[in-house]
> 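My structure is below; once you've seen it, I'll send some questions.
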Amino acid sequence: MAPAAIFVAVFTYYPMIAGSQMAFRHWDLNDLTNTSWVGLDNFHRVFSDPNWGTVLGNTGAWVIGSIVPQLVIGFALALWLRRRFRFRGVYQALIFFPWAISGFLIGILFRWMFNSEFGVVNDLLQKAGLIDEPVAWLADPHKAMIAVLIANTWYGVTFFAIMILAALQSVPDELYEAAALDGAGKARTLFQITIPYIRVTLVLTVLLRVIWIFNFPDLIFGMTGGGPNNQTHIVTTWMIKITQQGDYGKASALGLLVVAGLLLFTVFFLLATREKREVRS
């Protein structure tokens, strides 16, 4: 295990530690003559920034607004794909295809689709009679977040469908046959057999997806770049913007806050789900 451990230490942990110390220094690319120790000043600048509240709220909306529809739609697709029907393999390939595309590329594609002048979204909505004139999706502060959430939902549904379908394959058919003989309906079978049997997979999948969505700036950068007026900036996109401005100290402080927040979420999430499993057992 030594070669692998050394590789991870050199290319993961050392850069992490080296970058973390920037959070406690005045580290600005515009003035590298002064890299003095400033303690918690960079963290104070993050919390006192007028954009902090907006970015934090956007991050919460980004995670919750993405994870819920992804889970529901992905679960429904997995249940549908578990059945045997003609050309099932073709449908699986089409549904799993988005996961093979770059997130930044998906952002660019959806930016064109939501374009107010020649985007296909406005064209379809007008033909369906749902709107009378084109909507400036990505230029409106209130509609831009809706647009990026729709794009991220389309992208992330695939992950849930893959993971849940794999878990559903392990559910014995005998359980469904016994439930049918006992007169259990589809809803009762779903909530008393299917979900309890794949609960562990659901918990881990939700946990992984929350972490990935939280650290997923690609799509937002491709669609809006954080605009308009910072209304689609999340913590990670804002951190990249600060880095581009050369303020590595503030960006590193924000990065440490992200790591700490995700660690706390992971611990509390696993503890909460474990307690629920113990109560049920």
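This structure is a prediction, so every number in the text was calculated from the model and none was measured.
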> Any sub-3.5 Å donor-acceptor pair from Thr59's side-chain atoms to Val235's backbone N or O?
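Confirmed, Thr59 side chain pairs with Val235 backbone.
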
> Taking the six-membered ring for Trp, are the ring centroids of Phe214 and Phe265 within less than 6.0 Å of each other?
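Not close enough - the centres of the two rings lie 6.0 Å or further apart.
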
> Keeping Ser66 on the side-chain end and Leu149 on the backbone end, is there a donor-acceptor pair under 3.5 Å?
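Flag not set: sc Ser66 to bb Leu149 has no pair under 3.5 Å.
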
> Above 12 or not: heavy atoms from other molecules or residues under 6.0 Å from OH of Tyr13?
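Open: at most 12 neighbouring heavy atoms sit under 6.0 Å from OH of Tyr13.
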
> Consider only side-chain N and O atoms of Asn230 and Thr54, and report whether a donor and an acceptor are under 3.5 Å apart.
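The criterion, which ignores hydrogens and geometry beyond distance, is not satisfied for Thr54 and Asn230.
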
> With a 4.0 Å cut-off on N to O distance, would you call Lys143 and Asp140 a salt bridge?
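Answer for the salt bridge query: yes.
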
> Under the side chain to side chain contact (heavy atoms under 4.5 Å, CB included) test, which residues partner Gln21, sequence neighbours left out?
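For Gln21 the side chain to side chain contact (heavy atoms under 4.5 Å, CB included) partners, ignoring immediate neighbours, are Arg25, Trp27.
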
> Is the ring pair Phe24/Trp37 parallel, tilted or perpendicular, if the boundaries are 30 and 60 degrees?
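Parallel: the ring planes of Phe24 and Trp37 meet at under 30°.
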
> Kindly determine whether Phe269 and Val203 satisfy side chain to side chain contact (heavy atoms under 4.5 Å, CB included), including the steps that lead there.
CA-CA 9 Å; Phe269 183 81; Val203 169; 3.5 Å; yes

> State whether the side chain of Arg209 and the backbone N or O of Phe160 hold a donor-acceptor pair below 3.5 Å, judged by distance alone.
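Not at all, since once roles are kept as given, no pair shorter than 3.5 Å links the two residues.
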
> Report yes or no: do Asn122 and Trp137 form a side-chain donor-acceptor pair below 3.5 Å?
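Indeed, the side chains of Asn122 and Trp137 share at least one donor-acceptor pair under 3.5 Å.
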
> Short question: side chain of Asn58, backbone of Gln231 - any donor-acceptor pair under 3.5 Å?
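Looks like yes, one N/O pair under 3.5 Å.
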
> Tell me if the CZ atom of Phe47 is crowded by more than 12 foreign heavy atoms within 6.0 Å.
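Buried by this count: over 12 neighbours within 6.0 Å.
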
> Among Leu124, Val120, Asp123, Ile150, find the one that has a side chain to side chain contact (heavy atoms under 4.5 Å, CB included) with Met113.
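Considering Leu124, Val120, Asp123, Ile150, a side chain to side chain contact (heavy atoms under 4.5 Å, CB included) with Met113 is found only for Val120.
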
